[in-house]
Chemist: 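Structure incoming, see below.
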Amino acid sequence: MTKRLAIIAGDGIGPDVVREALAVLAAVETVFHPGLQVEQLPYGADHYLRTGETLPPGEMERLGRDFDAIFVGALGDPRVPGNEHARDILLGMRFQLDLFVNERPARLIDERLTPLKGKTPRDIDLMVFRENTEGLYVSVGGTFKQGTPDEIAIAEELNTRKGVERIVRHAFAWAAEHGKTRVTMADKANAIPAHQLWRRVFETVGREYPTIQRDTRYIDAMAMDLVRTPESFQVLVTGNLFGDILSDLASILVGGLGLAPSANRHPGGVTMYEPVHGSAPPLAGKNVANPMAAILTLAMMLDDFGATDAARAVELAVHRAIARGIGTADIGGSMGTREVGDWISKAVLGAVKT
Ligand code: NAD
Ligand code: IPM
Ligand code: MN
């Protein structure tokens, strides 16, 4: 069956890295023929500044209805300082399409990539599950007396039983399916009593998975221990804001944002794929951004489509590139975005010696 893919390259380095991911997809089509139907969409800061619209009316519904996957580069542009277009499009997709699972793996591919002394790929293999539809991101609150010395800014954190339960259950189910023996949950229940909901749900749902150890941490200690003893973690589950922070932290343990893929899911519905990184405005259009995060994100998508051979070929090409020192400056290489993308595309085609 043909899979329909919407592409939103977006802002900054988004178009730079998406171009390479699409070139790799073209190589994949040549070798593996997964038969994806691609539609490129223009949304982002340019479109917003030109037309005043973030997405046209009905577009969010169409994205949810007419596509199997949405692939996003990045959204965020200094010409939109309030970031309203990115919130509308990116957070809009997460909220309105109810993509409650933000899956952000961090696996060390090569020990040269970690800044941690003495750690090897055996030590760092994490899966971060970030709740993606609630928490402090819901824009419940507001400002009062703005611009005066008495200004008040309130942002409420929303935690629902349904919301916490479904992400916690997803983490345990994923752990069980993938032969993991431990799930760690991070919250701040010692200072924020509302987070005790997370503890209670974690305990209740976790008991349904007797072979999996339950581990709870406070977020501050968790951040420290991720650096100190990454080998003690397998699967992490946490709220929206903590998950945002921990996923960037986890990425640097394995080489940085230039290598970090992610998926935003609602099981059974459309999935939105994106690298974890943002639009990195200072790097945009300079042929310096690392395209590997976007390319590994493509591999995640191919895997979900059941194109397992294609997904493994893409991952292997990235791993081979890294083993051969082929990469952009952020991972210690000396090549440009396009050259790295070309090498990976050729490796998928079997046209370079890997
Ligand atoms: P960022 O992820 O864009 O950049 C953080 C740091 O990582 C920078 O030093 C950057 O140069 C580096 N970096 C990121 N991606 C890289 C890549 N592919 N190759 C090499 N280096 C890379 O985060 P930021 O600077 O805090 O945010 C910039 C803009 O992106 C903001 O508007 C922000 O809101 C937005 N943003 C969007 C997303 C998204 O679309 N999913 C994610 C994060 C940030
Ligand atoms: C991410 C980003 C977004 C988030 C921003 C751009 C709203 O940092 O996808 O990690 O905070 O979720
Ligand atoms: Mn983030």
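Counting convention: from 1, in listed order, for ligands and their atoms alike.
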Chemist: Please identify which atoms of ligand 1 are closer than 4.0 Å to at least one heavy atom of Ala74.
Modeler: 40 (O)
Chemist: Does the protein put a heavy atom less than 4.0 Å from atom 8 (C) of ligand 1?
Modeler: no
Chemist: Does even one non-hydrogen atom of Thr328 get within less than 4.0 Å of ligand 1?
Modeler: no
Chemist: Closest non-hydrogen protein atom to atom 10 (C) of ligand 1, residue and atom name please, with distance?
Modeler: Ala280 CB, 3.9 Å
Chemist: Please report which non-hydrogen protein atom sits nearest to atom 11 (O) of ligand 2, along with the residue it belongs to and the distance in Å to one decimal place.
Modeler: Tyr137 OH, 2.6 Å
Chemist: Per the side-chain contact (heavy atoms from CB on, under 4.5 Å) rule, which among Gln196, Arg199, Arg217 passes with Asp187?
Modeler: Arg199
Chemist: Under 3.5 Å between any N/O of Ala289 and any N/O of ligand 1: does that happen in this structure?
Modeler: no
Chemist: Which of the numbered atoms in ligand 1 are below 4.0 angstrom from a heavy atom of Pro281?
Modeler: 28 (C)
Chemist: Would you check if the side chain of Asn264 reaches a backbone N or O of Asn102 as a donor-acceptor pair within less than 3.5 Å?
Modeler: no
Chemist: If you draw a 6.0 Å radius around OH in Tyr218, do more than 12 non-hydrogen atoms from other residues or ligands fall strictly inside?
Modeler: yes
Chemist: Would you say that Met93 contacts Ile8 through its side chain, given a criterion of any heavy-atom pair below 4.5 Å between the two side chains?
Modeler: yes
Chemist: Ignoring angles and geometry beyond distance, decide whether Arg104 reaches within less than 3.5 Å of ligand 2 through its nitrogen or oxygen atoms.
Modeler: yes
Chemist: For atom 6 (C) of ligand 2, what's the nearest protein heavy-atom neighbour? Residue, atom name and distance, please.
Modeler: Leu90 CD2, 4.0 Å
Chemist: Write out the residue and atom name of the closest protein heavy atom to atom 35 (C) of ligand 1, then the distance separating them to 0.1 Å.
Modeler: Leu75 O, 3.3 Å
Chemist: Looking at Asp125 and Lys180, does any basic side-chain N land under 4.0 Å from a carboxylate oxygen?
Modeler: yes
Chemist: Specify the protein heavy atom at minimum distance from atom 7 (C) of ligand 2: its residue, its atom name, and the distance to 0.1 Å.
Modeler: Leu91 CD2, 4.2 Å
Chemist: So between Ile245, Leu257, Asp244, whose heavy atom ends up nearest atom 8 (O) of ligand 2?
Modeler: Asp244
Chemist: Counting non-hydrogen protein atoms only, what is the nearest one to atom 41 (N) of ligand 1? Give residue, atom name and distance.
Modeler: Glu274 OE1, 2.9 Å
Chemist: Kindly confirm whether the Mn ion (ligand 3) is within less than 2.8 Å of some N/O/S atom in Asp244?
Modeler: yes
Chemist: Salt bridge or not between Arg265 and Asp98? Use side-chain N to carboxylate O under 4.0 Å.
Modeler: no
Chemist: Given the rule in the side chain to side chain donor-acceptor pair (under 3.5 Å) test, do Thr337 and Glu20 qualify, once you have shown the distances and angles that lead to the verdict?
Modeler: CA-CA 8 Å; Thr337 310; Glu20 300 316 315; over 6 Å; no
Chemist: Step by step, work out the side chain to side chain contact (heavy atoms under 4.5 Å, CB included) result for Asp68 and Leu5.
Modeler: CA-CA 6 Å; Asp68 299 290; Leu5 172 61; over 6 Å; no
Chemist: Could you list the atoms of ligand 1 found under 4.0 angstrom from a heavy atom of Asp330?
Modeler: 20 (C)
Chemist: Measure His277 to ligand 2 on non-hydrogen atoms and call it side chain, backbone, both or neither using the 4.0 Å cut-off.
Modeler: neither
Chemist: Does a donor on one side chain sit under 3.5 Å from an acceptor on the other, for Glu157 and Asn159?
Modeler: yes
Chemist: Among all protein heavy atoms, pick out the one at the shortest distance from atom 5 (C) of ligand 1; state its residue, atom name and that distance to 0.1 Å.
Modeler: Leu257 CD1, 3.9 Å
Chemist: State plainly whether the residues Arg312 and Asp309 are in salt-bridge range, i.e. N to O under 4.0 Å.
Modeler: no
Chemist: Does any N or O atom in Arg94 lie less than 3.5 angstrom from one in ligand 1, N or O only?
Modeler: no
Chemist: Which is closest to atom 34 (O) of ligand 1 in terms of heavy atoms, Ile252, Ile89, Asn83?
Modeler: Asn83
Chemist: Taking only Lys NZ, Arg NE, NH1 and NH2, and the carboxylate oxygens of Asp or Glu, determine whether Glu274 and Arg94 approach each other closer than 4.0 Å.
Modeler: yes
Chemist: Hey, is Glu39 close enough to Arg62 for a salt bridge, meaning N to O under 4.0 Å?
Modeler: yes
Chemist: Give a yes/no verdict on whether any heavy atom in Val276 is under 4.0 Å from an atom of ligand 1.
Modeler: yes
Chemist: How far is atom 19 (N) of ligand 1 from the closest protein heavy atom, and which atom is that?
Modeler: Asn290 N, 2.9 Å
Chemist: Answer yes when Glu61 and Arg65 have at least one side-chain N-carboxylate O distance shorter than 4.0 Å, and no when they do not.
Modeler: no
Chemist: Would you mind running through ligand 2 and noting each atom that sits below 4.0 Å from a heavy atom of Arg94?
Modeler: 1 (C), 4 (C), 9 (O), 12 (O)
Chemist: Looking at Leu283, which atoms of ligand 1 are within less than 4.0 Å of one of its heavy atoms?
Modeler: 11 (O), 20 (C), 21 (N), 22 (C)
Chemist: Give yes or no for whether the N/O distance cutoff of 3.5 Å, strictly under, is met between Gly278 and ligand 1.
Modeler: yes
Chemist: For atom 25 (O) of ligand 1, is the nearest protein heavy atom closer than 4.0 Å?
Modeler: no
Chemist: Which of the numbered atoms in ligand 1 are under 4.0 angstrom from any heavy atom belonging to Leu90?
Modeler: 39 (C), 40 (O), 41 (N)
Chemist: Hey, can you pull the donor-acceptor pairs under 3.5 Å for the side chains in residues 136-143, sequence neighbours left out?
Modeler:
from, atom 1, to, atom 2, distance (Å)
Tyr137, OH, Arg130, NH2, 3.1
Tyr137, OH, Asp244, OD2, 3.2
Thr143, OG1, Gln146, OE1, 2.9

Chemist: Are the ring centres of Tyr209 and Phe172 closer than 6.0 Å?
Modeler: yes
Chemist: Can you figure out which of Ala86, Pro81, Gly76, Ser279 has its heavy atom closest to atom 30 (O) of ligand 1?
Modeler: Ser279
Chemist: Do Asp150 and Thr148 have side-chain N/O donor and acceptor atoms under 3.5 Å apart?
Modeler: no
Chemist: Against heavy atoms of Ile13, which atoms of ligand 1 measure under 4.0 Å?
Modeler: 15 (N), 16 (C), 17 (C), 18 (N)
Chemist: Got Glu131 and His170 here, is their nearest side-chain heavy-atom distance under 4.5 Å?
Modeler: no
Chemist: Could you tell me the residue and atom name of the protein heavy atom closest to atom 14 (C) of ligand 1, and the distance to it rounded to 0.1 Å?
Modeler: His277 CB, 3.7 Å
